[in-house]
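This report refers to the structure that appears directly beneath it.
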Amino acid sequence: MLRSDVCIAVPTWNHEFFLPRALRSGLDALRRVRDSGGTGELLVVDDGSRDGTEALLRSLEALYGGQGLRVVRHEVNRGLAAARNTALREARARYVVFMDADNHLIPENLPTFLRAIRETGAAAVYGNLLMRRLGEESAFWACSNESFQSRMHEENYIDAFALFDRDQIADCGGYQLGCDAWADWELWLHLAASGRRLVFVPLVFGVYQHMDNSMMRVAAAGETPHARFRRVFDQFGFRSLAPARTRHERYFPGLGYL
Amino acid sequence: MNRPASASLPRILTIDRVYEPVAEYLAAGDRIGDGPAATPTSPLDLYLVHLLVEFAGRSVVAADLAAGSTLGASTVALLANPRVRRVFVEQGRWPSPPDGARLHETVARFVEAREPERAGTLRTAADVAAAIDALAAAIAPGEAAVAIVSASEFRDEGGSSATAFLERFPEGTVVVLGVGRPGVDRAVEGILREVRDGDGLEVRFLRDASSSLFEATAAVLARGATADERARRVGELFATNYDFLAILRDSCLYAVERGSRAADEAEAGRIAAATPARFASKIDFEDATHAHRALREENERLARELREARSWVRKGNPLLAPARRVVAFGRRHRDWIAPAGSLRERAARRAIRVGGRLRGG
């Protein structure tokens, strides 16, 4: 039963320290969406946290439930991909933002991304992410700031922190279980290979928190999935030459395709 | 709807999970009559009902004496909890929905469609007394008795249902829904009056259990320490390491300190810009302040010594009196010591001028 236009989904596992900031940006973004005539909800999927997140979320849900905050909890930890799939299942909106608990949105820009995904019919739209280190007030880098290209098969430069069409993601099977650190890369490649459109909007979507001991960095120190992804998506090495419905798509509402 | 209740650990779900069946039930508004509920039930209040049921014991038998005023929402919340084995509702005072079905039939139909294994959990009785009797007949050893009542009962009827329930079940728990603010809602005074007149009755307003619960309208009424213990457990669930007011205070103090430090740095910059080149070596502002203070103290010390020396010179100098007598003798006899226009007179005048300069004149 869809009741909202957008669901901001925050999968979290033992990120008590960052949650208030992420949820504050989510609630502010929902207010902007309402101001522009839409509706929204903020859905937190607690993947079996044990660090105090559960108690914090209980208080926050009591305080902000009226503003659209909902909390769903896994009794045991099931992994990031499972948490995102739970969000896809529980979301009561057509469009879903996946925001990790250590990141936060630029609230003023979400309505623009909503408009972009409606106007393009894309499976996902994404924008620039400012990268910031802990304790610093300025960004030191920006990522997710290029359109989808064949180069994505060699390196993942688009973060999962984006706006998705829930129906299209669900129809493609959602996130792949078992490869949590690389699940978002796998999804991008899977969507592109399935003929779905992935559109870049040249606008800042949010702030990405750079952490030395993040799951990505820990995973990157071990085995990388390149060989596996090559076997899955580009076994014969022709992917860059094959037709693709999405390649170099850049769009801005009011201006069109760039 | 729910997994079978496991043995002893309370199931602490999220507010959204607990309220989900109630939200679905209320969304079918055309089946439960016109107009809002006399006792509105927020997700937070029904979540507190869920917690109190979880804390009551392994198996619970409940009487929902507020079913009519909540339009069945409280009944659905009770039925959604697998720990609740039986729910009794009063038949008489429920409003009739437009389709003519009785409200308890609508609730039963909804619950059984959603969770067929819960069929038969809901039972009806003719009135409050009959519901309490039926509950007494149904309760098994070791089971807990819980009743839900509306705060309106304490405004109008003096809480007779709640007191009758607790007289029949001394170890039972009564949850009162829809309690307003003291001074605004007469129900608060009604509840406190019952507690004062009752035998060992205690009440705890759950909005007081935690600052996160300030919008809660539920209260727990029981004998002995039960109400306090249940409220304490609820409060502990909402206690976190984040005291929001303390965080706000610390954030403000940190901002003030940062602003003050920035102002000091700006002032140091201004002083450095205005300082002549010979003093332009970089000096720490705090060190400069200390040096300034030390110089001022030294200056005060020297000034004090100078004043003391002058005072000594003017008053207590042992050479001064003889010198004055010599000068007085010289003045009386200057006609022959130093006649006018003589070399001795000119030398004497020069000596007087020099002496005057030395004295600071």
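Below, chains carry the letters A, B, ... as their sequence lines are ordered, and counting in each starts from 1. The structure presented is a predicted model; accordingly, all values stated were derived computationally and were not measured.
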Is atom CZ of A:Phe18 surrounded by more than 12 heavy atoms (other residues, nucleotides or ligands) closer than 6.0 Å? yes
Looking at side-chain heavy atoms only, is the closest gap between A:Glu75 and B:Arg11 below 4.5 Å? no
Using 4.0 Å as the upper bound for N to carboxylate O, is an ion pair formed by B:Glu20 and A:Arg70? no
Should we count OH of B:Tyr254 as having more than 12 external heavy atoms under 6.0 Å? no
Engaged part of B:Ala239 at the chain A interface, taking heavy atoms whose separation is under 4.5 Å: backbone
Could you tell me which portion of B:Phe214 (side chain, backbone, both or neither) has an atom closer than 4.5 angstrom to a non-hydrogen atom of chain A? side chain
Heavy-atom pair of closest approach, residues B:Phe238 and A:Ser59: O-OG, 2.9 Å
In this structure, are over 12 heavy atoms from other groups packed under 6.0 Å from A:Arg50 atom CZ? no
With a 4.5 Å limit on heavy-atom distance, are the side chains of A:Arg73 and B:Leu13 in contact? no
Just checking A:Gln67: does its CD atom have more than 12 heavy atoms from other residues, nucleotides or ligands closer to it than 6.0 angstrom? yes
Minimum heavy-atom distance B:Asp16-A:Val72, with the two atoms named: OD2-CG2, 4.1 Å
OG (B:Ser212) and CG (A:Leu56) are apart, to the nearest 0.5 Å, by 9.0 Å
Region of A:Glu54 in contact with chain B, defined by heavy-atom distances below 4.5 Å: side chain
What side-chain donor-acceptor pairs closer than 3.5 Å can you find for residues 123-133 of chain A, not counting sequence neighbours?
residue, atom, partner, partner atom, Å
A:Tyr126, OH, A:Glu146, O, 2.6
A:Tyr126, OH, A:Phe148, N, 3.1

Side chains of A:Val71 and B:Ile15 in contact at under 4.5 Å (non-hydrogen atoms): no
